[in-house]
Colleague: 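Can you keep this structure in mind? I'll have questions shortly.
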Amino acid sequence: MPTEPMRVEAEPEHKWKKLQEFCRKAKDDHDCEFAWSDTCCIDKTRSAELDESIRSMFRWYRNSHICIAHLSETANLAALERQQKGERGDGAKVDVWFTRGWTLQELLAPSQIKFYGTDWKPLVPLYHSKSDRVSDTIMQKIHKITHIPLEDLKSFQPGTNRVPEKMLWASKRRTTRTEDIAYCLIGIFDVSLMIAYGEGNRAFFRLVEEIIKRYDKWDVFLWSGQCSHYNAALPYAPRCYPM
């Protein structure tokens, strides 16, 4: 039985341009016949599709041919280097890409990743390498901005180990919806969690519960600050884990 085509709201011109550039780079630079973007390839009006997409996203990134990361506020490698100093308060502001919750798995999950700057030029030329995963030049800078060890930036394995350290990676990241600070860590910790928008901070409480089921070290309780509304022994958010 025929169905009506889904209505799609018009997006601002800059979003269409970003999508066009993304598809162009996927085809021209990486010989990809198909490309997937989380901003337009998930029907957020369908709860079943949204649930599956969120819980599968880490695996999709991991199995991708290449992940294209657009640092919209970073013109070149020199600008990225200035952002290292920005972390210490004496340089440029850190690119917004490094402050978003969802981009943590985008950084760690793919086996291959390529970073593009403001004008969609690769920060490290393609003739040096098709993937930046093996580039010490850029990974050293990202390590200093994110405080994620080089070993993890080059080859990350998800799991419920090193809980305080991984929470620290997410501690300065923000999400539009409260629940997403938990949902964006599902793949990082390799746990299963039902998606239930509207539950608010209970999502992070459920995430920590799932982690504890498979984690046998006491350092999961090495946090400070606000406690969860649902269990005073557990933290309110990743930011409760100290530097």
Side-chain angles (χ1 to χ4, degrees), residues 6-12 14-16 18-19 22 36-62 64 67-73 93-110 145-148 156 158 160 163-164 166-212 220 223 225-232 234-241:
M6 184 180 70
R7 288 182 176 274
V8 179
E9 293 183 8
E11 293 285 358
H14 72 277
K15 290 189 177 181
W16 280 115
K18 179 180 178 180
L19 181 60
F22 163 68
W36 181 90
S37 170
D38 59 357
T39 57
C40 67
C41 293
I42 301 174
D43 184 355
K44 297 179 177 66
T45 66
R46 301 168 65 94
S47 59
E49 181 176 337
L50 182 61
D51 184 290
E52 179 186 3
S53 298
I54 288 175
R55 297 203 288 164
S56 304
M57 205 174 296
F58 186 95
R59 186 175 71 254
W60 291 348
Y61 280 129
R62 175 55 56 98
S64 66
C67 176
I68 293 173
H70 180 227
L71 306 188
S72 61
E73 299 174 345
K93 183 183 74 170
V94 173
D95 194 293
V96 67
W97 194 87
F98 293 111
T99 69
R100 292 174 179 150
W102 286 108
T103 55
L104 181 59
Q105 64 178 359
E106 192 175 333
L107 171 63
L108 295 173
I145 291 171
T146 62
H147 307 293
I148 298 174
F156 175 73
T160 53
V163 172
K166 291 177 181 176
M167 288 293 186
L168 182 60
W169 301 346
S171 63
K172 291 186 178 181
R173 293 174 180 263
R174 298 292 179 264
T175 56
T176 302
R177 302 191 68 162
T178 303
E179 298 90 346
D180 283 340
I181 199 62
Y183 300 159
C184 73
L185 297 175
I186 290 173
I188 300 295
F189 289 105
D190 191 23
V191 295
S192 180
L193 203 66
M194 293 298 294
I195 307 304
Y197 282 111
E199 66 176 329
N201 189 254
R202 185 179 177 84
F204 185 73
F205 165 70
R206 291 196 298 117
L207 174 73
V208 178
E209 269 194 325
E210 288 301 316
I211 292 170
I212 290 175
V220 69
W223 58 272
Q226 186 176 355
C227 66
S228 169
H229 296 318
Y230 306 98
N231 188 324
L234 301 180
Y236 180 81
R239 65 176 181 268
C240 296
Y241 285 90

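None of the values given here were measured: they were computed from a predicted structure.
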Colleague: Working to the nearest 0.5 angstrom, can you tell me the gap between Glu49 CD and Asp43 CG?
Modeller: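 One finds 5.0 Å between CD of Glu49 and CG of Asp43.
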
Colleague: What's the shortest heavy-atom distance between Trp97 and Ala69, and which atoms?
Modeller: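 Answer, listing the atom of Trp97 first, then Ala69: CZ2-CB, 3.7 Å.
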
Colleague: Could you pull out the closest heavy-atom pair between His147 and Trp169, with the gap in Å?
Modeller: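 Between these two residues, the closest heavy atoms are O-NE1, 3.8 Å.
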
Colleague: What pair of heavy atoms forms the shortest contact from Asp95 to Ser72, and how long is it?
Modeller: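 Minimum heavy-atom contact is OD2-N, 3.6 Å.
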
Colleague: Using the rule given for side-chain contact (heavy atoms from CB on, under 4.5 Å), can you reason through Val94 versus Lys172, listing the C-alpha separation, both sets of side-chain angles and the distance that settles it, and then say yes or no?
Modeller: CA-CA 11 Å; Val94 173; Lys172 291 186 178 181; over 6 Å; no

Colleague: Donor-acceptor check, side chain of Arg173 to backbone of Arg100, threshold 3.5 angstrom: yes or no?
Modeller: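 Judged by distance alone, yes, a pair lies under 3.5 Å.
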
Colleague: Side-chain contact, heavy-atom cut-off 4.5 Å: Ile54 with Leu50?
Modeller: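 Side chain of Ile54 against side chain of Leu50, heavy atoms only: contact under 4.5 Å found.
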
Colleague: Any chance you could measure Arg202, atom CZ, to Glu209, atom CD, to the nearest 0.5 Å?
Modeller: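 Arg202 CZ to Glu209 CD: 7.5 Å, rounded to 0.5 Å.
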
Colleague: Without swapping roles, check the side chain of Glu179 against the backbone of Ala203 for a donor-acceptor pair under 3.5 Å.
Modeller: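 A pair under 3.5 Å: no.
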
Colleague: Applying side chain to side chain contact (heavy atoms under 4.5 Å, CB included), can you list everything that pairs with Ser228, at least two apart in sequence or on another chain?
Modeller: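 Residues passing side chain to side chain contact (heavy atoms under 4.5 Å, CB included) with Ser228: Phe205, Tyr230, Leu234.
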
Colleague: For the atom pair CE (Met57) and CZ (Arg62), what is the distance rounded to the nearest 0.5 Å?
Modeller: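 Nearest 0.5 Å value for the CE-CZ distance: 15.5 Å.
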
Colleague: Could you list the donor-acceptor pairs under 3.5 angstrom formed by side chains in residues 181-190, with sequence neighbours left out?
Modeller:
unit_1	atom_1	unit_2	atom_2	d
Tyr183	OH	Ala196	N	2.9
Tyr183	OH	Ala196	O	3.3
Tyr183	OH	Glu199	OE2	2.5

Colleague: Evaluate Arg55 against Ser192 for side-chain contact (heavy atoms from CB on, under 4.5 Å), listing each step before the verdict.
Modeller: CA-CA 7 Å; Arg55 297 203 288 164; Ser192 180; 3.4 Å; yes

Colleague: Return the set of residues passing ring-ring contact (aromatic ring centres under 6.0 Å, His included) with Trp102 (not counting sequence neighbours), or none when no residue passes.
Modeller: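 By the ring-ring contact (aromatic ring centres under 6.0 Å, His included) rule, Trp102 matches no residue at all.
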
Colleague: Whether the side chain of Gln226 engages the backbone of Tyr236 through a donor-acceptor N/O pair (distance < 3.5 Å, no angle test) should be reported.
Modeller: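 Answer holds: no.
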
Colleague: Nearest 0.5 Å please: distance from the OG1 atom of Thr175 over to the CG atom of Leu104.
Modeller: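 Between Thr175 OG1 and Leu104 CG, I get 12.0 Å after rounding to 0.5 Å.
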
Colleague: Heavy atoms only: give me the nearest Phe22-Trp36 pair and the separation to one decimal.
Modeller: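 For Phe22 versus Trp36, the nearest heavy atoms are CZ-O, 3.4 Å.
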
Colleague: To check you understand the geometry: which heavy-atom pair defines the closest contact between Trp223 and Ala232, and what is its length?
Modeller: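 For Trp223 and Ala232, the tightest heavy-atom pair comes out as CZ2-O, 3.6 Å.
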
Colleague: Step by step, work out the side-chain contact (heavy atoms from CB on, under 4.5 Å) result for Asn231 and Val208.
Modeller: CA-CA 11 Å; Asn231 188 324; Val208 178; over 6 Å; no

Colleague: Looking only at atom types and distance, does a side-chain atom of Tyr241 sit under 3.5 Å from a main-chain N or O of Val220, one as donor and one as acceptor?
Modeller: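 Looks like yes, one N/O pair under 3.5 Å.
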
Colleague: Which distance, rounded to the nearest 0.5 Å, do you find between the CZ of Arg46 and the CG of Asp51?
Modeller: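 The CG atom of Asp51 is 13.0 Å from CZ of Arg46, to the nearest 0.5 Å.
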
Colleague: Should Phe98 and Glu73 be marked as a side-chain contact (heavy atoms from CB on, under 4.5 Å) after you check the CA-CA gap, both sets of side-chain angles, and the distance that decides it?
Modeller: CA-CA 10 Å; Phe98 293 111; Glu73 299 174 345; over 6 Å; no

Colleague: So which heavy atom on Met167 is nearest to which on Ile211, and how close?
Modeller: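 Here Met167 and Ile211 meet closest at CE-CD1, 3.9 Å.
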
Colleague: Rounded to the nearest 0.5 Å, what separation is found between the CH2 atom of Trp60 and the SG atom of Cys67?
Modeller: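 Here the rounded value is 14.0 Å.
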
